[in-house]
Amino acid sequence: MARLMMGALGAAGHDVRLASRMRSRDGTGDPRIQARIARLGARLAARLIDRYSMPDAWRPDLWFTYHLYYKAPDWIGPSVAEVLDIPYVVAEASHAPKRAAGPWPHGHHQVEAALRRADLVIGLNGRDRVCVEPALGRHGRYVDLRPFLEPRPGTDRGEARAKIAAAHGLPPDAVWLLAVGMMRPDAKLESYQVLGRALGQIKSGAGWRLIVVGDGPARKAVEASLPADTVYAGTLPAEQLWEYYAAADLFVWPSIREAYGMALLEAQASGLPAVAGDAGGVPEILRDGVTGLLVPEGDAAAFGSAVRRLIDNPCERLVMGRKAKSTADLDHGFHTAAATINGWLTEILRVRKVGK
């Protein structure tokens, strides 16, 4: 999504430059690591301020940060924006007051400082608004944007299905379930475990197979959770991944603590109906009963029942898949998003200029 944001800004005519590749995330809750990251962020901010302040140097009119939360705060942008007196914009921020007393207090307070400084927060998950909006400063504004995708040429389903069937020895007449997700020991692993329990309720040999795209350090735990005949395609480049979307019959992902799910959006844009957990911004992508089925987050029994329903009803899958593609095209288009973001940024710059 960060790359898509940069692409959308570029498509709207902005000169977009990546300021830093620093990773601010500390997943361990170690205060020493957090302090070290904060010091590094301060040094990089000072370096950027010096660079942008040099005579005849390129100077930004606005700072744009994608995705900040208590484990990965922005240690650079607020300082640069403050010294240069330019607008500070954030896309996809989350704020959790309960984290103030947890093992990431420095990150939590830095997120609060960034939100107080922000001129605009672009939300991709509507459920973030309730905690983020009250944390904004007097001039801050929260707006909603649906996740979006770049337009892509269509992939022939027949060709993709024949290719993948040959590669993995899959029965072409079976219902292919597709899951796409990194294999790491957190919410992703929990999602795979819920999926395994859900599929365990569906009779094996009932004309379906599970295909998994993804890899990572928790692969052994994932494999132990899923059916024995699961096909593992590994990590795939984008072009190959879209072939799997085109070839599959149903996208399945329990969405444990999911912000919204880019893989889900890609699947829907490919015309795949889906079964997903009702978490975060997932309902803003999957329209329950229209483009797929939503089930309570973490409810393996409900998830299994929903998957079984769509395995048994090919006509319902077909109708939902067609609606999924048309909805993605209409509501999650790249050019619409680019124009919307451009409008917000243009207005911020205009107001800032008038204020000076």
Side-chain angles (χ1 to χ4, degrees), residues 1-8 23-27 64-74 89-99 104 107-108 111 114-115 118 120-133 135-136 142-150 179-195 213-214 216 218 241 251-269 274-288 291-292 294-298 303 324 327-328 331-332 334 337 340-341:
M1 181 52 70
R3 288 189 290 269
L4 284 167
M5 286 283 183
M6 292 179 71
R23 294 176 60 87
S24 67
R25 185 179 187 274
D26 164 43
F64 193 108
T65 288
Y66 173 72
H67 197 198
L68 58 85
Y69 71 116
Y70 68 99
K71 289 184 181 180
D74 183 358
V89 176
V90 177
E92 196 179 347
S94 63
H95 177 242
K98 65 182 180 181
R99 300 296 180 182
W104 289 272
H108 169 80
V111 167
L115 293 177
L120 181 74
V121 174
I122 301 172
L124 299 171
N125 173 357
R127 296 181 186 181
D128 286 333
R129 178 190 282 268
V130 66
C131 288
V132 171
E133 197 166 34
L136 297 179
Y142 189 101
V143 294
D144 293 301
L145 179 73
R146 290 189 173 109
F148 59 95
L149 294 171
E150 288 181 295
V180 178
M182 292 179 285
M183 298 178 184
R184 61 189 185 203
D186 52 15
K188 299 296 186 186
L189 176 56
E190 291 177 44
S191 290
Y192 279 115
Q193 290 170 334
V194 171
L195 178 60
V213 175
L241 177 55
F251 187 81
V252 291
W253 190 247
S255 310
I256 301 298
R257 297 192 298 280
E258 194 83 58
Y260 48 86
M262 284 300 293
L264 172 62
L265 179 55
E266 291 168 350
Q268 296 261 283
V275 177
D278 187 358
V282 170
E284 297 167 35
I285 294 176
L286 191 158
R287 278 56 164 179
D288 186 32
T291 71
L294 283 176
V295 302
E297 183 181 4
F303 199 95
T327 300
D331 293 343
H332 302 278
F334 177 85
T340 300
I341 297 170

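Since this is a predicted model, take the numbers as computed values, not measurements. Residues take their numbers from the sequence shown, with the count starting at 1.
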Review point. Any donor and acceptor pair, going by atom type alone, linking the side chain of H95 with main-chain N or O of C131 inside 3.5 Å?
Key: yes
Exercise for review: Determine, step by step, whether H67 and L124 satisfy the side-chain contact (heavy atoms from CB on, under 4.5 Å) criterion, reporting the C-alpha distance in whole Å, the side-chain angles of both residues, the deciding distance to 0.1 Å, and the verdict.
Suggested key: CA-CA 10 Å; H67 197 198; L124 299 171; over 6 Å; no
Revision key, fill the gap. For L195 and P254 the tightest heavy-atom approach is N-CG, 3.7 Å
**Study point:** Main-chain N/O of T291 paired to Q268 side chain as donor or acceptor, under 3.5 Å
**Key:** yes
Exercise for review: Would you mind reporting whether V121 and E133 have side-chain heavy atoms less than 4.5 Å apart?
Suggested key: no
Review point. Would a distance-only check, ignoring hydrogens and angles, find a side-chain to backbone donor-acceptor pair under 3.5 Å from D278 to L294?
Key: no
Revision key, fill the gap. So CZ of R25 and NZ of K71: to nearest 0.5 Å the spacing works out to 5.0 Å
Review point. Under 3.5 Å, is there a donor-acceptor pair between the side chain of W104 and the main chain of D26?
Key: yes
Exercise for review: Identify the two heavy atoms, one from A269 and one from A328, that lie closest to each other, and give their separation to 0.1 Å.
Suggested key: CA-CB, 3.6 Å
Check your understanding: Within the distance-only criterion (no hydrogens, no angle test), does the side chain of S191 pair as donor or acceptor with the backbone N or O of I256 below 3.5 angstrom?
Key -> yes
Check your understanding: How are the rings of W253 and Y192 set relative to one another: parallel (under 30°), tilted (30 to 60°) or perpendicular (over 60°)?
Key -> perpendicular
Practice item. Run the salt-bridge test on D186 and R184 with the 4.0 Å N-O cut-off and return the result as yes or no. Key: yes
Practice item. Taking all non-hydrogen atoms of both residues into account, name the closest pair between M5 and I341 and its distance. Key: SD-CD1, 3.8 Å
Review point. What's the spacing between S94 OG and R99 CZ if we round to 0.5 Å?
Key: 9.5 Å
Exercise for review: State, with a plain yes or no, whether a side-chain heavy atom of H332 is found less than 4.5 Å away from one of I285.
Suggested key: yes
**Study point:** Residues D144, R127: salt bridge by 4.0 Å N-O rule
**Key:** no
**Study point:** Side chain N125, main chain Y260, donor-acceptor under 3.5 Å
**Key:** no
Point to revise | Check ion pair R257-E297 (N to O, under 4.0 angstrom) | key: no
**Study point:** Check against side-chain contact (heavy atoms from CB on, under 4.5 Å), L149 and F334
**Key:** CA-CA 5 Å; L149 294 171; F334 177 85; over 6 Å; no
**Study point:** Distance in Å, R146 CZ paired with T340 OG1, rounded so as to fall on 0.5 Å steps
**Key:** 10.0 Å
Review point. E92 and Y66: side-chain donor and acceptor closer than 3.5 Å?
Key: yes
Check your understanding: Just by modelled atom types, is the Y70 backbone N or O under 3.5 Å from a matching donor or acceptor in the H108 side chain?
Key -> no
Practice item. Would you tell me whether T65 and D74 have side-chain atoms, one donor and one acceptor, within less than 3.5 Å of each other? Key: yes
Check your understanding: Taking it one step at a time, do Y142 and D128 satisfy side-chain contact (heavy atoms from CB on, under 4.5 Å)?
Key -> CA-CA 10 Å; Y142 189 101; D128 286 333; 3.7 Å; yes
Review point. Between F148 and L265, does a side-chain contact (heavy atoms from CB on, under 4.5 Å) hold up when you go through it step by step?
Key: CA-CA 8 Å; F148 59 95; L265 179 55; 5.6 Å; no
Check your understanding: Does any N or O in the side chain of E284 come within less than 3.5 Å of the main-chain N or O of G126, such that one atom is a donor and the other an acceptor?
Key -> yes
Review point. Taking all atoms of both residues into account, what is the closest heavy-atom pair of V282 and A276, and its distance?
Key: CG1-CB, 4.0 Å
Practice item. Could you tell me whether the side chain of L120 reaches within less than 4.5 Å of the side chain of V90, counting heavy atoms only? Key: no
Practice item. Say whether, by atom type as modelled, one donor and one acceptor occur between the side chain of S24 and the main chain of P73 under 3.5 angstrom. Key: yes
Point to revise | Sub-4.5 Å side-chain heavy-atom contact between M1 and M262 | key: yes
